[in-house]
Colleague: 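If you scroll down you'll find the structure; I have some questions about it.
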Amino acid sequence: MESLKETGEFLLRKVESFGANAEVRINIVKLFTVKAEDKKLREIEAREERTLGLRVEKDNKVGFASTTNFEKNSLENLIKQALSSLKEIEHKIEKESVEAKLSSEYKIYPMGMPVDEKASIAEELNKMAFVSKRIRHASTWIGEREDIRYFLSSEGSRILTRFVSVGIRQFSVAKENGRIEKLGETKSFTGGYEFIYRANWMDFVKEISLLSEKLLSAGTPEAGVQEVVLDPKTLGLLLHESIGHASEADLACSGNSVLSQMLGKKVASELVTVIDSGVEEHGIFMPYDDEGVRKEKTVVVENGILKNFLHTCETACKCSVNSTGNARAENALRLPLARQCNYYLEPRDAKTEELISEVKKGIYVTGIGTKGGHADVSTGSFTLSAGCSYEIRNGEIRGLLKGVTLGGSILDVLNSVKLVGSDFALHYNIFLGCKKEGQRVKVSFGGPHILAKVIIGGKHN
Amino acid sequence: MENIIEKALKIAQRLGAKDVEIFLEEYHVKKYSWKHCFENFQTANFFGASIRVLVNGKHGFFSFTGTSPKLFERGVKLAVKIARVSRREPYLEEFPEYGKSKVEDIFDKKIKETGIQEMKNIVEKLKNESEAELLRGSLKAVSYATALFNFSDSISEERTYISLNTSIKKRESKPLQRYICFRTLKRFLEEFETLKNYAEEIKHFSSPSQLPTGKYNVLLLPNIAGELMKRMLVNMLCADRIQKGKSPWEDVGKQIACKELSIIDSGIIPCAFGSKSFDGDGLPTKEKILVQNGVLKNYIYDYYRALIDCTESTGNATRSYKKLPKPAPSNVIIEEGDYEPEGEYVIVHRIIGEKLSNPLRGELSFQISAGFLKKQNGELLPVTGAIVHDNFFDLIKHRMKICKGQEWCKNVCSPPILLENVCIAGK
């Protein structure tokens with residue numbers, strides 16, 4: 001059973017012969033990574049993951065089973081497993097049948113390029129990272145990813161999507177007088193190998209090494225509530241971790257989120273409008289979700305008012321609304337959950353310099369080298385690690401700061417937004433993803449620069 | 001499957017591989033999950049494989065999912081192709097000879113055969129007996145098998161585990177997360193009983209306030225203390241980090257912590273989550289002292305990193321089908337002390353953001369998502385949303401007290417730990 005179509009159609013026919021309906025998800029992910037380390041090629045890794053998920057529906061009951069084995073006898077066993085784990089559902093979910101075949105754009109298919117060329121590029125870039133004797137260790141990665149998803153249903157849907165992306169990652173360790181600093185940063189792109197040819201990657205790897213050196217003598221922030229200017233990457237991460245997860249309907253509609261009772265209420269400053277969409281330039285490519293529902297733009301917050309949660313078919317059914325096309329699974333082995341896609345703040349009209357000049361004493365937070373964040377949506381608290389950051393004194397950017405941690409209450413921070421910039425950037429990371437209930441999916445996030453107040457972890461005098 | 005492997009090994013030999021290693025990973029999962037009024041049953045059958053070859057002193061690696069003979073044949077060819085464009089490998093000339101340790105209670109037939117309805121009954125029983133709400137969570141029963149093959153040898157093992165991950169709330173309390181995981185059903189159910197006490201403990205966690213910025217004594221409960229010690233110290237003792245200069249702990253024999261701190265790593269503890277009879281390289285797992293009375297004693301090695309340092313592997317190679325082996329702790333045991341907390345201190349029940357700490361420069365950072373400020377008079381005030389940010393090197397040397405009692409959380413067994421004069425950013 002090598003062909004996706006053949007496998008999917010076989011399963012549908014078989015399930016239907018038991019008097020049941022089915023949805024079949026097939027996912028193929030191809031990954032290729034070249035890693036150079038300390039001036040030498042270290043690893044070349046290639047991987048291909050094929051997974052298949054089967055959801056059956058019979059007599060108002062549903063069951064789910066999944067496998068990596070596409071052999072005919074294994075598929076027959078899969079049907080038995082799905083039919084033997086049926087549980088009752090309250091409402092039957094009606095879906096439109098869709099036929100679509102869509103791919104993200106690219107010029108040069110990355111996995112068709114010669115492996116030795118990629119190995120040489122990674123090795124050469126890695127050598128450039130050793131800008132001085134203080135750089136003790138450096139790793140450079142080139143990564144490629146292709147994600148093919150095929151959705152078939154007894155209702156007639158046949159949706160094939162393909163998402164191709166590439167990225168470069170640099171990690172440098174600087175050491176001097178017993179002090180060690182590390183810094184890692186990634187640039188990723190929805191597209192093909194043209195991305196590798198397009199930019200000056202030597203400058204990128206050198207910049208990361210130079211910044212890791214500068215961190216050796218950087219200061220640490222003062223603890224407490226401070227005014228901060230957040231760059232698009234940090235803002236995006238903050239939105240994603242705070243209101244993003246809190247607005248996912250499986251949490252919000254089950255009383256697990258700080259936003260559970262807040263629909264139609266003010267949750268943020270009126271400058272805040274938050275969107276989630278399936279396809280954005282420089283973002284991820286997800287025109288349809290893993291339940292075969294088209295992912296349209298969803299306005300989550302409009303001028304500070306909470307408008308919508310991010311729904312799957314199941315949560316939408318419970319809440320008597322339509323799915324927003326946010327059902328996403330890491331692969332076809334797992335059931336989809338309500339997840340974000342391209343999540344961002346809409347820009348307004350302030351210039352970045354205006355935001356900085358407004359701050360008497362605060363911090364300019366950038367996302368270069370951020371290690372991500374985490375939110376507890378039930379208590380409404382979040383924390384995230386800032387990247388390289390800078391002190392602001394009397395409207396001017398001063399010295400470099402390290403170890404800046406942002407945190408606090410989701411609602412307090414969103415309500416404290418004082419100015420929103422006119423610029424815009426989205427960030428996607430091919431090497432990492434967002435993890436929820438053990439499932440890691442690709443997301444992008446971003447927006448403009450903003451000025452707000454947050455709690456900063458640091459020294460206490 | 002043996003025939004497929006044998007054929008794949010022959011192809012590798014024919015293509016000029018000096019040595020080859022095939023790693024297989026198979027698991028079957030039964031999962032009952034719920035989120036308030038939503039609930040799901042699911043089963044998953046997973047089979048992953050990786051092929052590692054050595055060709056003319058060069059190394060190639062390819063991984064995939066599925067069991068078809070064609071996939072194995074293609075995998076071998078791709079691994080050899082990758083090896084041919086790789087650089088010469090200076091240390092790894094051949095893969096090691098396999099061996100096993102004796103480890104008890106890592107496989108339980110009852111877990112393998114348990115049905116989803118039985119799993120649901122376990123959760124319902126807890127709800128009824130503890131009068132608590134389990135808002136969101138999952139109960140998972142997993143049977144798991146790994147095997148390694150090379151030209152002359154093979155080794156395999158089957159393990160099981162059952163895990164519960166749930167947010168739990170009682171009366172007016174905010175929900176708090178709890179995780180239990182063991183390799184046998186009997187041990188799991190024993191621990192499961194303690195959830196009733198936990199529900200009782202947290203019932204006063206309602207309307208939490210934010211702590212004012214300042215310095216506090218902080219009592220980390222065992223699951224949190226263990227997680228932080230593993231992240232900030234034990235993970236940094238892995239030989240790959242030491243060799244790359246990515247660890248602050250570069251001197252064996254040096255006093256790195258207070259005398260009360262002793263830590264061992266063991267892959268052979270019965271029933272523990274990190275126990276197995278052989279590691280990801282196919283070598284026997286072992287027990288070793290990492291820190292004794294505050295003195296750094298040993299690093300954690302896999303086969304490859306041991307070759308670089310001209311020493312023996314400690315049997316700590318971890319791997320999945322996706323990745324090459326690398327050293328990692330198996331089970332971490334922090335010895336209990338005799339300290340009893342007194343005065344005013346913050347009891348930490350749940351934290352977030354601990355992954356954002358920087359172990360390299362000793363920057364301990366996390367947010368207290370749920371806790372209590374225990375006043376001198378014994379009164380408990382619920383607190384949330386404060387950021388802990390302090391120097392870990394200084395804390396473990398001069399400001400750490402190890403308390404009585406130990407608890408397991410996944411593969412770490414730890415006592416409660418009190419940290420003194422900790423910087424907390426709050427309102």
Side-chain angles (χ1 to χ4, degrees), chain A residues 40-41 43-51 63-71 81 85 87 115-116 119 136-137 173 175 179-182 223-225 250 254-256 314-315 318 333 335 371-376 378-379 381 383-385 403 405 407-409 437 455-460, chain B residues 35-48 60-68 78 81-82 85-87 116 135-136 138 167 174-175 208 213-215 244-246 248 322 324 350 352-353 355-356 358 360-361 363 365-367 369-370 384-385 387-389 423-427:
Chain A
K40 285 177 195 155
L41 181 70
E43 278 167 22
I44 301 174
E45 284 184 11
R47 185 158 87 232
E48 189 172 311
E49 292 174 352
R50 291 158 159 245
T51 52
F64 178 79
S66 58
T67 187
T68 52
N69 194 342
F70 286 36
E71 303 284 300
Q81 283 184 340
S85 65
K87 59 134 190 130
V115 177
D116 50 354
R136 296 298 173 89
H137 168 77
V173 178
K175 189 174 178 184
R179 277 176 299 181
I180 316 173
E181 290 296 339
K182 60 176 180 175
V225 178
D250 52 350
S254 58
N256 273 297
E314 190 180 26
T315 63
K318 288 270 179 192
L333 287 178
L335 278 168
K371 289 199 288 179
H374 194 183
D376 181 346
S378 58
T379 58
S381 57
T383 182
L384 62 94
S385 119
T405 308
S409 144
E437 295 179 25
I455 297 176
I456 300 287
K459 64 187 174 196
H460 175 65
Chain B
K35 275 177 207 145
H36 199 48
C37 47
F38 311 118
E39 64 169 12
N40 279 302
F41 294 157
Q42 52 185 304
T43 59
N45 312 292
F46 175 87
F47 192 95
F61 181 78
F62 181 75
S63 61
F64 56 94
T65 58
T67 52
S68 91
L78 277 167
K81 190 177 163 190
I82 287 170
V85 295
S86 295
R87 305 293 178 261
I116 286 186
L135 287 181
R136 166 190 165 207
S138 64
S167 71
K174 292 262 181 189
T213 300
K215 290 194 174 182
K244 290 175 187 173
K246 283 163 70 177
K322 293 178 182 179
L324 290 164
R350 174 159 161 78
I352 58 168
K355 290 174 188 166
L356 312 178
N358 185 332
L360 202 52
R361 60 173 174 242
E363 201 175 84
S365 174
F366 59 86
Q367 183 169 143
S369 174
T384 188
I387 301 175
V388 170
H389 192 96
C423 290
I424 293 185
K427 64 185 177 187

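Quick note on labels: first sequence line is chain A, next is B, and so on, each numbered from 1. In what follows, every heavy atom counts, from backbone to side chain, and hydrogens, waters and symmetry copies are set aside.
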Colleague: Highest number of heavy-atom pairs under 4.5 Å with chain B: which of A/Ser66, A/Ser381, A/Gly407, A/Ser385?
Modeller: A/Ser66
Colleague: Select, from A/Glu181, A/Lys182, A/Glu43, the one with the greatest count of heavy-atom pairs under 4.5 Å involving chain B.
Modeller: A/Glu181
Colleague: Need one label for B/Ser167: side chain, backbone, both or neither, based on atoms under 4.5 Å from any heavy atom in chain A.
Modeller: side chain
Colleague: Once rounded to the nearest 0.5 Å, what's the spacing between atom CD1 of B/Ile387 and atom OG1 of A/Thr383?
Modeller: 5.0 Å
Colleague: How many angstroms lie between atom CD of A/Glu48 and atom CZ of B/Phe62, to the nearest 0.5 angstrom?
Modeller: 5.5 Å
Colleague: Quick check for you: to the nearest 0.5 Å, what is the distance between A/Leu335 atom CG and B/Gln42 atom CD?
Modeller: 4.0 Å
Colleague: Among B/Ser63, B/Gly426, B/Ser369, single out the residue with the greatest number of heavy-atom pairs under 4.5 Å to chain A.
Modeller: B/Ser63
Colleague: Please tell me whether A/Ser85 and B/Thr43 have a donor and an acceptor in their side chains that are separated by less than 3.5 angstrom.
Modeller: no
Colleague: For a 4.5 angstrom cut-off between non-hydrogen side-chain atoms, does B/Gln367 reach A/Ile455?
Modeller: no
Colleague: By a 4.5 Å heavy-atom criterion (distance strictly below it), what part of B/Ile352 contacts chain A: side chain, backbone, both, or neither?
Modeller: both
Colleague: Taking atom NZ of A/Lys371 and atom OG of B/Ser365, what is their separation to the nearest 0.5 Å?
Modeller: 8.5 Å
Colleague: Working to the nearest 0.5 Å, report the span between CZ of B/Phe61 and CD of A/Glu45.
Modeller: 5.5 Å
Colleague: Between B/Lys244 and A/His137, what is the shortest heavy-atom contact and its length?
Modeller: O-CB, 3.3 Å
Colleague: Could you check which of A/Asp376, A/Thr67, A/Thr51, A/Leu333 has the highest count of heavy-atom pairs closer than 4.5 Å to chain B?
Modeller: A/Asp376
Colleague: Picking from B/Lys355, B/Lys81, B/Lys322, B/Glu363, which has the most non-hydrogen pairs under 4.5 angstrom with chain A?
Modeller: B/Lys322
Colleague: What distance do B/Arg136 atom CZ and A/Asp250 atom CG have between them, rounded to the nearest 0.5 Å?
Modeller: 7.0 Å
Colleague: Please examine the side chains of A/Lys87 and B/Ile116, heavy atoms only from C-beta on, and report whether any two atoms are closer than 4.5 Å.
Modeller: no
Colleague: Out of B/Thr384, B/Asn358, B/Val85, B/Leu360, return the one with the most heavy atom pairs under 4.5 angstrom to chain A.
Modeller: B/Leu360
